[in-house]
Structures are given as C-alpha cells and as structure tokens.
Amino acid sequence: MPKTIPFKELRRIKDSLPEGSIHKIADKLNMTDQSVRNYFGGSNYEYGTNMGVHIEPGPDGGYVVLDDTKILDMALEILGEKEEA
C-alpha cells in the first residue's frame, strides 16, 4: 500500500541511520546500496534503480509517495522508531 510522507522526513530518517545501515538494508533485500540511496532521494540510476519513489513538489522539498514501504520500515526498525501508520 502506498504511503505519503514529507521529503524532509524521509531525508531525516536516512540521515539518522547509523553507518552501514544502507548496506545492511540492501543486503537483506538483495539490491544495490545505490538503489537504497535512491529510495531516500538519491538519483544515481547508473548503479541503482528507481525504487518506486515519486516526489511531488511542495514546500520544504515536497512530499514523497512510496509504492512499497519495506525499505522505510527497515530503516525505522533500525532507528527504533517503528510505528504503524
């Protein structure tokens, strides 16, 4: 089920992850580190893929519609912030 969150919040989550978390998530989901970075707003599609993230313009970076929340859920679990929304 798609989820919409502010882009600023998605970046806050990514920036709060401990070192090595991107690689840990990528390993568990059998994808490249860059694909996980692209999920959090990166745009290097030479070494990663689009991960079902759609950015809608707006204040403070706009909003992000996530087609799949697996990566977000894993990041929140790592941060101990897992919440049902």
Enquirer: Drop me the distance from S16's OG to L76's CG, to the nearest 0.5 angstrom.
Expert: 10.0 Å
Enquirer: Does K70 have any salt bridge (charged side-chain N to carboxylate O under 4.0 Å, His left out) partners at least two apart in sequence or in another chain, and if so, which?
Expert: D68
Enquirer: Is there side-chain contact between T4 and E56, with at least one heavy-atom pair below 4.5 Å?
Expert: no
Enquirer: Mind checking the CG-OG spacing from N30 to S35? Nearest 0.5 Å is all I need.
Expert: 10.5 Å
Enquirer: Sequence neighbours excluded, which residues qualify as side-chain contact (heavy atoms from CB on, under 4.5 Å) partners of K8?
Expert: D60
Enquirer: What heavy-atom pair brings F7 and F40 nearest, and what distance separates the two atoms?
Expert: CE1-O, 4.5 Å
Enquirer: To the closest 0.5 Å, what do you measure between CG (L17) and NE2 (H23)?
Expert: 14.5 Å
Enquirer: To the nearest 0.5 Å, tell me how far I22 CD1 sits from M74 CE.
Expert: 10.5 Å
Enquirer: State, with a plain yes or no, whether a side-chain heavy atom of L29 is found less than 4.5 Å away from one of V36.
Expert: no
Enquirer: If you compare all heavy atoms of A75 against all heavy atoms of I13, which two are closest, and at what distance to 0.1 Å?
Expert: CB-CG2, 3.9 Å
Enquirer: Report whether I5 and Y39 are members of the same hydrophobic cluster (ILVMFWY, side-chain heavy atoms less than 4.5 Å apart, transitive linking).
Expert: yes
Enquirer: For I71 and M31, which heavy atoms make the closest approach, and how far apart are they?
Expert: CD1-SD, 3.9 Å
Enquirer: Nearest 0.5 Å please: distance from the NZ atom of K24 over to the CD atom of E19.
Expert: 13.5 Å
Enquirer: Who pairs with T69 by side chain to side chain donor-acceptor pair (under 3.5 Å), at least two apart in sequence or on another chain?
Expert: D73
Enquirer: Among residues at least two apart in sequence or on other chains, which ones pass side-chain contact (heavy atoms from CB on, under 4.5 Å) with P2?
Expert: V65
Enquirer: So, taking the atom named CG in L10 and the one named CZ in R12, what distance separates them when rounded to the nearest 0.5 Å?
Expert: 10.0 Å
